[in-house]
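We name chains A, B, ... by the order of the sequence lines, and we start the count at 1 in each one.
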Amino acid sequence: MLVPGGSVCQQRRRPSVVRGGGSMAPHVYIEELARHEGQEVVIKGWLYNKRSSGKLHFLEVRDGTGIVQTVVFHKDVSPEMFAAADRLAQETALEVTGTVRKHPKLPEHEISVRDLRVVAAPTQEYPIGPKDHGTAFLMDHRHLWLRSKLQHAALRVRAEIVAAIRGFFDGRGFTLVDAPIFTPAACEGTTNLFEVGYFDEKAYLTQSGQLYMEAGAMALGKVYCFGPTFRAEKSKTRRHLTEFWMVEPEVAFMDLDGDMDLAEDLIVAVVEQVLGRRRRELETLGRDPGRLEQVKRPFPRITYAEAIAILQQAGKEAKSGDDFGGDEETVISERFDRPVLIHRYPADIKAFYMKRDPEDPRLALCVDVIAPEGYGEIIGGGQREDDLAKVEASIAAHDLPRQAFEWYLDLRRYGTVPHAGFGLGVERTVAWLCGLHHVRETIPFPRMLERLSP
RNA sequence: UCCGGCGUAGCUCAGUCGGUAGAGCAGGCGGCUGUUAACCGCCGGGCCGGGGGUUCGAGUCCCUCCGCCGGAGCCA
C-alpha cells in the first residue's frame, strides 16, 4: 500500500509489506540483486531519481549498497498507486516489492514493481538535485551530499583502504597501540598545534602518535597506531585538512631499508585489495584501474640528491637544502609510473628524532613516499636516533624543552635498539586511489581552514 | 599571512557601451508504454552579498566590509 505522506507512524508500527496472498518476499540489498534474478524481493531505500514515460515510471532507488532502476507499469499496480508513484519526491524513503530481471538495454538488473510503500516522504524539497552544484553549496550540505554516487563510492573506497591497512598490519603480527589525542605542552613546537584547555593547564591535540609508538615498539616489538591527527596550519590547498587520519607503524630492530620495504609492501597490499574489492566504485569515480595495476614491487628508490638533480633537469630551481613543495613533488612523481621513495634528506630540514646517516652525517636516514600523478607525499618516516647522547644533543639544538622529553629519553636509557617507522596519510592515499582532485572528498566530514561544519 | 578570482531565482549560470532582471534545472499543472541529468507545452519564483560613492540613471564603474573559491608558504 502506498501512502504519500501522513500516517507514517502507523506504518512504522506495522512495517510488513501489505500485499495480497503468497509468502513475504525477502529484503535484499541492491548489490546482491544479481543472485535473485527471477525472484520477488523487497528493496528498502530512498528515491534517487525519477523518470516517466506516461504509462511507465522509472524510479531509481538507492539503499546504501547501490542504485537500482525500478519500473512501475500502470497495468501492474492500482491506478492510485501508479499516480502516487509519479508524485514521489527525491529522497522519499521507500520499500519496493517486485521481481528482479535483466535490464533490457544495460548489463545490469532492474525490478518490475508490484508494490510500493512510503516509509517517509520528505517534508520539504531535497536541496541536492541531479544537476550541477558548486562545492561550497555541496560542502554546506555535506551530510546530504554523502548520499550522492561519487561521494558514496569514495567513502566505500576509503573504508576498504582502512580495512586493508588494518589487515596488513594485523596479518604481520603488529599490535595495535592507540596513541593519545591530548598531548602535553611542547612536543615539536606548538605553533601549528591546536591548543585546548585541560583542567588547569594547556594541552594540544596530537599531530603524530610516533613518539608513543616508539615506546610501544620497545614494549611490543611491532606496533601501529591508527587515528586522527591535527594540524593548525593555515594551509589552503587541495592536499590539506586540519584533521586527518594517519596510520603509524613502528618496529624495533628495523633499519631504514626495512622501513622502505615495509612502506612498499603496505602500499602494494592496499592497492591490490582496493582493485580486488572496490573495482565498481573506482569505475563510478571514473578512475582508470590500469594506472593502479602498475603499482607493483619494486618501487623506484632515489636519494634526495638524485631528486634535486631531476628537478634541475626539469628546469626547476632547486638546490640542496630545499624542501620540496607540491610542484616539485609533482615533477618528480611524473617521472615514474608508481610511487617513488626519496631517502636521505638533509638532516637540518627534518625532525629532531631522525637518525643521521653514518656514511654522511649531514643526511638523515629518512624516507618520503611520493604518490604518482601529483598526489603528493603520502608517507614520511625513517630510522630514529637510538643513541641517548645524540638525541639529547638534538633536543637542545632544536630548542625543545628537555623536561617534556624525559620519558622519551628513557627509551634510550633502558636497552635502546635501532628502530624505524613511518606515517601514512589516509586522505591523500584515498585521493590518489580514487583519482579525486581534492582531499576534502576523501573524508566524511572534512575539517579545513574555513570549514568546521557540518 | 600573501597573490588571484567569485558573490544575480531553491541550484548552476548569462546579463553587451551604464538605460526598468534572463535561461536551464528544481517546484506546480498537463502530455507521452523503455526512460538514463529522459523529453515536450504552460505557470509561479529576485534585498543582483552588506554599506558608501560617481551619475539624470548602477547588477554593470569606484571605495570599503563580509563570505567563499583557487594557489603559495607549511606539511601527511
If you check every side-chain atom of Thr237(A), which of U12(B), G34(B), A72(B) has the closest atom? A72(B)

Check this for me: does the side-chain of Arg87(A) come within 3.5 Å of the base of G27(B) through a donor and an acceptor? no

Can you confirm whether Met260(A) sits close enough to Asp257(A) that some side-chain heavy atom of one is under 4.5 Å from a side-chain heavy atom of the other? yes

Would Phe58(A) count as stacking on A38(B) if stacking means ring centres less than 5.5 angstrom apart and planes tilted under 30 degrees? no

Going by atom types alone, do Tyr224(A) and Asp170(A) pair a side-chain donor with an acceptor below 3.5 Å? yes

Say you pick atom C1' in G19(B) and the same atom in G51(B); how far apart are they, in whole Å? 25 Å

On a whole-Å scale, what distance lies between the P atoms belonging to C68(B) and A23(B)? 32 Å

Counting Watson-Crick and G-U wobble pairs only, both distances under 3.5 Å, name the nucleotide matched with C47(B), or none. none

Tell me what His240(A) touches on the nucleic acid: a base, only sugar-phosphate, or nothing, going by heavy atoms under 4.0 Å. base

Of all the nucleotides listed (C75(B), A72(B), A26(B)), which has the minimum atom distance to the side chain of Glu125(A)? A26(B)

Taking the same atom, P, in A72(B) and in U12(B), what whole-Å distance lies between them? 25 Å

To the side chain of Arg231(A), which of A76(B), U33(B), A37(B) is closest? A76(B)

Regarding Glu250(A) and Gln210(A), is there a side-chain donor-to-acceptor distance under 3.5 Å anywhere? no

Please determine whether a side-chain nitrogen or oxygen atom of His438(A) lies at a distance below 4.0 Å from atom OP1 or OP2 of G70(B). yes

Among Val162(A), Thr284(A), Leu285(A), whose side chain to side chain contact (heavy atoms under 4.5 Å, CB included) with Val157(A) holds? Leu285(A)

Side chains of Ile370(A) and Tyr375(A), heavy atoms from C-beta outward: is any pair under 4.5 Å? no

Indicate, with a heavy-atom threshold strictly under 4.0 Å, whether Pro104(A) touches base, sugar-phosphate, or nothing. base

Here the gap from Ser208(A) atom OG to Glu248(A) atom CD, rounded to the nearest 0.5 Å, amounts to 3.5 Å

What nucleic acid atoms does Glu60(A) come within less than 4.0 Å of, heavy atoms only: base, sugar-phosphate, or nothing? nothing

Say you pick atom P in C40(B) and the same atom in G52(B); how far apart are they, in whole Å? 45 Å

A37(B) to G53(B) separation - C1' atoms, rounded to the nearest Å: 45 Å

Taking the nucleotide of RNA chain B with the closest heavy atom to each, which residue, Leu449(A) or Val426(A), is nearer the 5' end? Leu449(A)

So Leu241(A), base contact, sugar-phosphate only, or nothing? Heavy-atom distance under 4.0 Å. base

If you check every side-chain atom of Ala136(A), which of A38(B), C68(B), C75(B) has the closest atom? C68(B)

Integer angstrom distance from the P of G44(B) to that of C29(B): 15 Å

Can you tell me, in whole Å, how much space there is between the P of U36(B) and that of A26(B)? 13 Å

Against the side chain of Leu56(A), the closest entry in G34(B), A76(B), U12(B) is G34(B)

Closest to the Glu110(A) side chain, choosing from C69(B), G34(B), C75(B): G34(B)

Let's see if you can work this out: which of A76(B), A38(B), G73(B) has an atom nearest to the side-chain heavy atoms of Glu377(A)? A76(B)

Between Arg238(A) and G71(B), is there a contact of a side-chain N or O with OP1 or OP2 at under 4.0 Å? yes

I'd like the C1' distance from C13(B) over to G59(B), given in whole Å. 14 Å

Sugar-phosphate only, base, or nothing, as touched by Tyr126(A) at under 4.0 Å among non-hydrogen atoms: nothing

For the ring pair Phe324(A) and Tyr345(A), is the centre-to-centre distance below 6.0 Å? yes

Proximal nucleotide (of C32(B), U36(B), U1(B)) relative to the Ser52(A) side chain: C32(B)

For Gly376(A), answer base if it contacts any base atom (sugar-phosphate contacts may also be present), sugar-phosphate if it contacts only those atoms, and nothing otherwise; contact means non-hydrogen atoms under 4.0 Å. nothing

Of the listed nucleotides A37(B), U36(B), G70(B), the one nearest the side chain of Lys236(A): G70(B)

Among C11(B), G34(B), C32(B), find the nucleotide with the atom closest to the side chain of Lys55(A). C32(B)

Check whether the side chain of Ser235(A) and the base of C75(B) form a donor-acceptor pair under 3.5 Å. no

Below 4.0 angstrom from OP1 or OP2 of G70(B), is there any side-chain N or O of Arg440(A)? yes

